[in-house]
Amino acid sequence: MKNLELAKIFNEIADILEIQDIQWKPQAYRKAASSIASLSIDIEKIYKKSGLKGLDSIPGVGKHLALKIEEYLKTGKIKAYKQLKKKVPIDLAELTHIEFLGPKKAKRLYKELKIKNIKDLEKAAKAGKIAKLSGFGEKSQQDILEGLGMYKLGKKRALLNIALPIAKEIIQSLNKLKEVKSAEYVGSLRRMKETVRDIDILVISNKPKKVIQTFTSLDNVKKVLAKGPTKASVVLKNNMHSDLRVLKPEEKGAGLLYFIGSKEHNIALRKIAIEKGYKLSEYGLFSRNTGKRIPGTSEKDIYKALSLKYIPPELRENQGEIEAAKKGKIPTLISIKDIKGDFHVHSKWSDGSDSIKDLATTAKKLGYQYLCISDHSKSEKIANGLSESNLLKQIKLIKKLNKNFRGFKLLAGSEVDILADGSLDYPEKILKQLDIVIGSIHSRFKSSKQEMTKRICTALENKHLNILGHPTGRLINQRKPYNLDLDQVFKVALENKKHLELNAFPNRLDLSDTNLKEAIELGLKISIGTDAHSKDQMNYMKFGVATARRGWCQKNHILNTFTLKQLPKYFKKL
DNA sequence: GCCGTTTTCGGCCCGACTGTTTTCAGTCG
């Protein structure tokens, strides 16, 4: 996938053009970069299939940029970019990662101090050279030094299971104030993006001063970055940033829209507003002529005034949801209430920490009808994988426990290793005694694309396998997906009537949102498994559901929404 | 450089906060 490489280059071109005070072009490059970065398919595929015309059909990509993309795909470089870099030999992509340092300041630093990269920047800042520049001063230098520290610390974005509890705690503290009418987390966290950079909060109140004061003096606040009458920005103790905005009650709907984002979604909405003679900002929807507020203060009201169906936050990425809303075709997304079971949990028989009985109790408390115990298979020595005899014992125990349940059933499963040759880690006589077999890759991650694809497809052709576990093997912030022809895997899964897992563990979320969208469009069914290694982790289901929502999944796409009675249609051995 | 039921020119989302200013540019979201 060269999508992200291209997006990065276009963004850097935008920076360089901006430095040269060139108007509008930077915006065009940025827009193209953002739409390329959010493509769900490989840009190379688009080009191979439909050539320049295909590239031209990407929003924000016209004739000229299409040619540049073609050049990059063919030669691996873009001449115009090289020339620009020669002219402005600064590592802008790196430098502008520093908070409060944008292209304009970077240019001045280069002109006056020959600063080209982070290293030069650190040296100059430490030597006190930056403070002496006109227009910079002590504070700017301090900001840069701190930004450098943050850059080193916080290159990685936070996982949802880290960010969400912090956000909820902040919300709770703010909601305690009588001045607060409502406090909600917004931004990418509200859209449940797989990782978030900061925690954005929107408070509705007529007394913003008090709210800002409380927010900036919360226990969890390490440093206050900015503090104005309606807006504040802080660094939390874990080095994440949190931004607060306070709006008035009548501004709530527009405020939520604006702060939930995404930016791309908002830009698209504002353009529709303009077409209709309105102006949309975080304060509301207004008539361009009279400046008067258009009645209605909820998000729904605003969508309605723009002739759009309500769009749930998880879909607001400008990836087709606006077009769908225009046609009134926003799907009814799956919700956590639809979930009737979990297909992937580990007990202390392998590397989990709780007993099967405790896991079952938790499942029943969650209102589930079934829970599939899926411990590791014998090759997974490091995770205490079950020997054949132990697995048989476990199956017996599950059958015994089931006798005591009403309206609830434990399913005897296993997360069976897919071995190097694509075979499964237990012999047929064992596999056929299991209710559900999840096949997963846990070794030889660095195989070639061809090998890995063949290995997984062989497993998918095995009649005992039901679900392909964490299909791409990525670990967010840690490990890239395996080299894999995912289209081929989807195709073979479909042909063999196999299901794909959406592993809900927060550092996996595998399949990803865009993968899921592709999979369900093909007609594949998805099984959400928490991969819980303790009963508490069974709550990770919410991250799975959120990711499914981001992948446009409806109830009927997700196996976990089916009742115990309906399951045999999808799992023959039940 | 892109885009188009005001389409081949002339627009391009909108506003808050900060630092270094003496009216605003730069950055962020």
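Residue numbering restarts at 1 for every chain, and letters A, B, ... go by the order of the sequence lines.
To the nearest angstrom, P of B:dG19 lies 13 Å from CD of A:Glu138. The separation between A:Lys223 atom NZ and B:dT18 atom P is 12 Å, rounded to whole Å. Per the geometry, NZ belonging to A:Lys25 stands 19 Å off P belonging to B:dG10, to the nearest Å. Taking atom CZ of A:Arg245 as the reference point, atom C1' of B:dC28 lies 11 Å away to the nearest angstrom. Rounding to whole angstrom units, NZ of residue A:Lys139 and C1' of B:dT21 are separated by 16 Å. Rounding to whole angstrom units, NZ of residue A:Lys63 and P of B:dG4 are separated by 16 Å. Per the geometry, CG belonging to A:Leu55 stands 17 Å off C1' belonging to B:dC3, to the nearest Å. Going from atom CD1 of A:Ile267 over to atom P of B:dC3 covers 14 Å, rounded to whole Å.
B:dT21 and B:dT27 have their P atoms separated by 15 Å, given to the nearest Å. Taking atom C1' in both B:dC2 and B:dC13, one finds a spacing of 16 Å when rounded to whole Å. Between B:dT5 and B:dG1, the distance separating the two C1' atoms is 24 Å to the nearest Å. Annotation: B:dT6 and B:dC12 have their P atoms spaced 16 Å apart (nearest Å). Annotation: B:dG10 and B:dG15 have their C1' atoms spaced 24 Å apart (nearest Å). B:dT23 and B:dC28: their P atoms are spaced 25 Å apart (whole Å).
Atom CG of A:Leu333 is separated from atom SG of A:Cys553 by 8.5 Å, given to the nearest 0.5 angstrom. A:Phe543 contributes atom CZ, which lies 11.5 Å from atom OG1 of A:Thr530 (distance to the nearest 0.5 angstrom). Note that CD1 of A:Ile78 and CD1 of A:Ile69 are 8.0 Å apart. Values are rounded to the nearest 0.5 Å. With values rounded to the nearest 0.5 angstrom, A:Arg157 atom CZ is found 8.5 Å from A:Glu194 atom CD.
In the region residues 275-305 of chain A, proximity to DNA chain B at under 4.0 angstrom, judged on heavy atoms, holds for A:Lys279, A:Leu280, A:Ser281, A:Glu282, A:Tyr283, A:Arg288. A heavy-atom distance below 4.0 Å to DNA chain B is reached by none of the residues of residues 180-192 of chain A. In the region residues 95-105 of chain A, proximity to DNA chain B at under 4.0 angstrom, judged on heavy atoms, holds for A:Ile98, A:Glu99, A:Phe100, A:Leu101, A:Gly102, A:Pro103, A:Lys104, A:Lys105.
Note on A:Asp243: only backbone sugar-phosphate atoms sit closer than 4.0 angstrom, heavy atoms only; bases stay farther off. Using a 4.0 Å heavy-atom distance criterion, A:Tyr29 is classed as a sugar-phosphate-only contact. When heavy atoms are screened at a 4.0 angstrom cut-off, A:Thr230 is found touching the sugar-phosphate backbone but no base atom. Looking at heavy-atom distances under 4.0 Å, A:Lys68 makes contact with sugar-phosphate atoms alone, never a base.
Residue pairs meeting the ring pair (Phe, Tyr, Trp, His ring centres under 6.0 Å) criterion with at least one partner in residues 310-339 of chain A, sequence neighbours excluded, are A:Tyr303-A:Tyr310. Judged as a ring pair (Phe, Tyr, Trp, His ring centres under 6.0 Å), not a single pair has a partner in residues 228-255 of chain A (not counting sequence neighbours).
Of the candidates B:dC12, B:dG1, B:dC17, the closest approach to any side-chain atom of A:Pro229 belongs to B:dC17. The side chain of A:Trp24 sits closest to B:dC12 out of B:dG29, B:dC12, B:dG19. Checked against B:dC17, B:dG29, B:dC14, the side chain of A:Ala226 finds its nearest nucleotide in B:dC17. Checking B:dC2, B:dT21, B:dC13 against the side-chain heavy atoms of A:Ser134 singles out B:dT21 as nearest. In this structure, the nucleotide among B:dC2, B:dT18, B:dC14 sitting nearest to the side chain of A:Lys227 is B:dT18.
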Stepwise side-chain contact (heavy atoms from CB on, under 4.5 Å) check, A:Gln142 with A:Leu145: CA-CA 5 Å; A:Gln142 196 52 36; A:Leu145 280 169; 4.2 Å; yes
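In this structure, the side chain of A:Thr216 engages the main chain of A:Gln213 through a donor-acceptor pair within 3.5 Å. Side-chain atoms of A:Asn507 do not come within 3.5 Å of backbone N or O of A:Leu475 as any donor-acceptor pair.
Each of A:Gly228 and A:Gly60 was assigned the nucleotide of DNA chain B with the nearest heavy atom; the assignment lying further toward the 5' end belongs to A:Gly60. Nearest-nucleotide positions on DNA chain B for A:Gln27 and A:Ala232 put A:Gln27 closer to the 5' end.
Applying the 4.0 Å criterion to OP1 and OP2 of B:dC2, one finds that A:Lys31 has every side-chain N and O outside that range. A close approach under 4.0 Å does not occur between any side-chain nitrogen or oxygen of A:Gln23 and OP1 or OP2 of B:dG11. The phosphate of B:dA25 (OP1 or OP2) has no side-chain N or O of A:Arg108 nearer than 4.0 angstrom. Close to B:dA16, at under 4.0 Å from its OP1 or OP2, lies no side-chain N or O of A:Lys231.
In this structure, B:dT8 forms no base pair with any nucleotide, since neither Watson-Crick nor G-U wobble geometry is met with both distances under 3.5 Å.
Of the residues listed (A:Asn503, A:Leu511, A:Leu509), the one engaging A:Arg474 in a side-chain contact (heavy atoms from CB on, under 4.5 Å) is A:Leu509, and it is the only one. Among the candidates A:Arg316, A:Arg549, A:His265, the single residue satisfying the side-chain contact (heavy atoms from CB on, under 4.5 Å) test with A:Arg191 is A:Arg316.
Of the charged side-chain nitrogens involved, at least one lies within less than 4.0 Å of a carboxylate oxygen, so that A:Lys252 and A:Glu184 count as a salt-bridged pair. Between A:Lys207 and A:Glu179 there is no salt bridge, since none of the side-chain N atoms of the basic residue sits less than 4.0 Å from a carboxylate O of the acidic one.
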Donor-acceptor pairs under 3.5 Å, side chain of residues 102-111 of chain A to any protein atom, not counting sequence neighbours: which ones?
unit_1	atom_1	unit_2	atom_2	d
A:Lys105	NZ	A:Phe100	O	3.2
A:Lys107	NZ	A:Ile19	O	3.2
A:Arg108	NH1	A:Ser134	O	2.9
A:Arg108	NH2	A:Glu112	OE2	3.0
A:Arg108	NH2	A:Ser134	O	3.2

